[in-house]
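Report on the following structure.
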Protein chains: 2
Amino acid sequence: MTQDGRLIRGERTRSAVLEQALVLATVSGLDGLSLSQVADALGVSKSGLFAHWRSKEALQLAVIDQARAQWRDRVIRPALEVPAGVRRLWAVHDRRIAFYEARVLPGGCFFANAHFEFNARPGVIRDRLAGELTDWMTFLTGLAGEAAGLGELRPGVDPAGLAYHVESLGVCAVMQAPVVGAAPTYAQARRQLLEHLRAVTIDPTILEQK
Amino acid sequence: MTQDGRLIRGERTRSAVLEQALVLATVSGLDGLSLSQVADALGVSKSGLFAHWRSKEALQLAVIDQARAQWRDRVIRPALEVPAGVRRLWAVHDRRIAFYEARVLPGGCFFANAHFEFNARPGVIRDRLAGELTDWMTFLTGLAGEAAGLGELRPGVDPAGLAYHVESLGVCAVMQAPVVGAAPTYAQARRQLLEHLRAVTIDPTILEQK
DNA sequence: CTACAATCCGACCGACCGTTCGTAAATATA
DNA sequence: TATATTTACGAACGGTCGGTCGGATTGTAG
């Protein structure tokens, strides 16, 4: 520790940087993220960052991991406490919305931001983000498949389609919520639609039996 | 015209710049857009751009207008040729997907990219983008309301919710399509879901009567 | 205490950014 | 044709960027 006590060495610095970088990345973008910005926000020198990551890109990849870890702890893990089946699938959706509405990250959804940012820019980062999305959809589809296996879906409801549906609602909610004027209207429409679709996809008589 | 014949003066330069800037903005982002990049792509000097727009921000705002004009001509106008009602609402969705799949803009959807880019960055541009989204949702909600007025929706289907739903499908399709590995899977899931939801929201017996 | 590796800093680099300026060419006006 | 205005250019400016380097500071092992 330095004389003024502000700085923390080693591993703790590393995690503090990642935490701060994730926050800033949701605002400025993952690529628009400035190393000086990160360093200044922590009272650390910019050149010191290169002792932990050999380039900006390496830090960016680490930030993606950080975002995934946060997502796991704050969204997925709590949702998995809900019993398997369609309840768990919708719990994931609910947790996702709650996480966003809690404004944990000031710039909204890191993954959505980063994905749109690197849409058309081939490279390691884009591939990693694509992998994240694939993993996420595999996870959602798995949950929907579980629900189908338990016979909790109305006949004719396709599990993959349902998973895609949950994802589309989530993405759209994340996109529109920051729009100040539009937020209340769309939040209302979203809830109405959500109720409707839950009724459409879930067989309530089956759920009541349990 | 200059001696080497490359350059075009006045209004034609202006529109050429906007066209090129829109293309580049979908790739590099609206803020990541570089004036040197635009100028070089057209064989024009960077400083010459300031004869048409007094700052980068002014050009960015003009690019938003350009994007809106393109969207109007390529998506909205053709869809409005379809008879009013639920058919027209879904025609808008279909045209939107078709426009995206035609890869007119290499970086995907300009508005989605720009919206996520400026999510958390207050200012004139963010406000303009928010206004665009509000206008768009008003437009969609109006179409859904028309369909409801014509009695084409199944009982219990909320028009605002339906409009939100069409939007969420569009946003999610635009987001996932560029992900190479995932695209076919999600395109398939999207079509299945789309068919299902059309069946859910539209009363086919009513449509058949016309 | 000594030695060594990890960590951190300030100074500095070249590249690129948006912007300005003086000037020249093209166009509009008379 | 003569004049005024718009449009375009090259050069240069201050500023920020990611990244490098030598040296100082720290924690740890011997």
Side-chain angles (χ1 to χ4, degrees), chain A residues 1-22 24-25 27-64 114 117-118 121 123-126, chain B residues 1-22 24-25 27-64 114 117-118 121 123-126:
Chain A
M1 195 172 298
T2 54
Q3 295 164 347
D4 58 5
R6 280 186 312 159
L7 305 184
I8 309 158
R9 289 205 158 241
E11 194 55 32
R12 294 185 60 184
T13 302
R14 185 184 168 88
S15 65
V17 167
L18 287 178
E19 220 168 296
Q20 185 67 47
L22 175 57
L24 292 176
V27 177
S28 312
L30 184 56
D31 205 55
L33 181 68
S34 150
L35 297 186
S36 323
Q37 216 174 96
V38 177
D40 290 350
L42 291 170
V44 162
S45 74
K46 183 178 58 169
S47 55
L49 300 179
F50 288 85
H52 296 275
W53 304 273
R54 67 173 132 80
S55 66
K56 181 183 181 179
E57 191 181 69
L59 174 59
Q60 289 171 318
L61 290 171
V63 168
I64 295 177
E117 190 179 0
F118 285 86
R121 301 163 61 181
V124 191
I125 295 181
R126 195 201 104 128
Chain B
M1 195 172 296
T2 55
Q3 295 164 346
D4 57 5
R6 279 187 313 159
L7 304 185
I8 309 162
R9 289 206 156 241
E11 193 54 33
R12 294 185 60 185
T13 302
R14 186 184 168 88
S15 64
V17 167
L18 286 178
E19 221 168 294
Q20 184 67 47
L22 174 57
L24 292 176
V27 177
S28 312
L30 184 57
D31 205 55
L33 181 68
S34 151
L35 297 186
S36 322
Q37 216 174 93
V38 177
D40 289 351
L42 292 170
V44 161
S45 76
K46 185 176 53 169
S47 55
L49 300 179
F50 287 85
H52 296 273
W53 302 274
R54 68 173 130 79
S55 67
K56 180 183 181 180
E57 190 181 78
L59 174 59
Q60 290 172 317
L61 291 172
V63 168
I64 296 177
E117 189 179 1
F118 285 86
R121 300 162 63 181
V124 190
I125 294 181
R126 194 201 104 127

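Proteins come first, then strands; the chains are lettered A, B, ... in the order of their sequence lines, and each starts at number 1.
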Integer-rounded Å distance: dA6(C) P and Arg54(A) CZ: 16 Å
Does the Gln60(A) side chain pair with the main chain of Ile125(A), one donor and one acceptor, at a distance under 3.5 Å? no
Check whether any side-chain heavy atom of Val124(B) lies under 4.5 Å from a side-chain heavy atom of Glu57(B), and answer yes or no. yes
Walking DNA chain D from its 5' end, the first of Gln37(A) and Ala51(B) to be reached, judged by nearest nucleotide, is Ala51(B)
If you look at every strand shown and take non-hydrogen atoms under 4.0 Å, does Leu59(B) touch a base, only sugar-phosphate, or nothing? nothing
Go through dG18(C), dT7(C), dG18(D) for me and flag the one nearest to the His52(A) side chain. dT7(C)
Of the listed nucleotides (dG18(D), dG18(C), dG19(D)), which one gets closest to any side-chain atom of Ser55(A)? dG19(D)
Is the shortest side-chain N/O distance from Ser34(B) to OP1 or OP2 of dC16(C) below 4.0 Å? no
Can you list the residues that meet the side-chain hydrogen bond (donor to acceptor under 3.5 Å, both in side chains) rule with Gln20(A), with sequence neighbours excluded? none
Compare every heavy atom of Ser45(A) with every heavy atom of Ala39(A), then report the nearest pair and how far apart it is. CB-C, 3.8 Å
Specify the separation, in whole Å, of atom CG of Leu42(A) and atom P of dC8(C). 11 Å
Please report the distance, rounded to the nearest Å, between CZ in Arg12(A) and P in dG27(D). 12 Å
Atom pair distance, as rounded to whole Å: CH2 in Trp53(A) and C1' in dT7(C): 12 Å
Separation of dT7(D) atom P from Glu11(B) atom CD, nearest Å, is 9 Å
Side chain of Leu35(B) (C-beta onward), nearest among dC8(C), dG19(D), dT19(C): dT19(C)
How large an angle, rounded to 10°, do the end axes of the helix from dC1(C)-dG30(D) to dA30(C)-dT1(D) enclose when each is built from five base pairs? 10°
Less than 4.5 Å apart, side chain to side chain, heavy atoms only: is that true for Trp53(A) and Leu61(A)? no
Glu57(A) CD to dC17(D) P, straight-line distance once rounded to whole Å: 19 Å
Mark yes or no for whether Ser15(B), through its side chain, and Arg12(B), through its backbone, hold a donor-acceptor pair below 3.5 Å. yes
Could you tell me whether the side chain of Val27(A) reaches within less than 4.5 Å of the side chain of Leu33(A), counting heavy atoms only? no
Integer-rounded Å distance: dT20(C) C1' and Leu49(B) CG: 14 Å
So, taking the atom named CG in Leu22(A) and the one named CD1 in Ile64(A), what distance separates them when rounded to the nearest 0.5 Å? 10.5 Å
Could you tell me whether a side-chain N or O of Lys56(B) sits under 3.5 Å from a main-chain N or O of Asp31(B), the two making a donor and an acceptor? yes
Among dT20(C), dC9(C), dT20(D), which nucleotide has an atom closest to any side-chain atom of Phe50(A)? dT20(D)
Short heteroatom pairs, N/O only, protein and nucleotides 10-12 of chain D, under 3.5 Å:
unit_1, atom_1, unit_2, atom_2, d
dG10(D), N7, Ser47(B), OG, 3.3
dG10(D), O6, Ser47(B), OG, 2.6

Without swapping roles, check the side chain of Glu117(A) against the backbone of Leu30(A) for a donor-acceptor pair under 3.5 Å. yes
Rounded to whole Å, CZ of Arg14(B) lies from P of dA26(C) at a distance of 22 Å
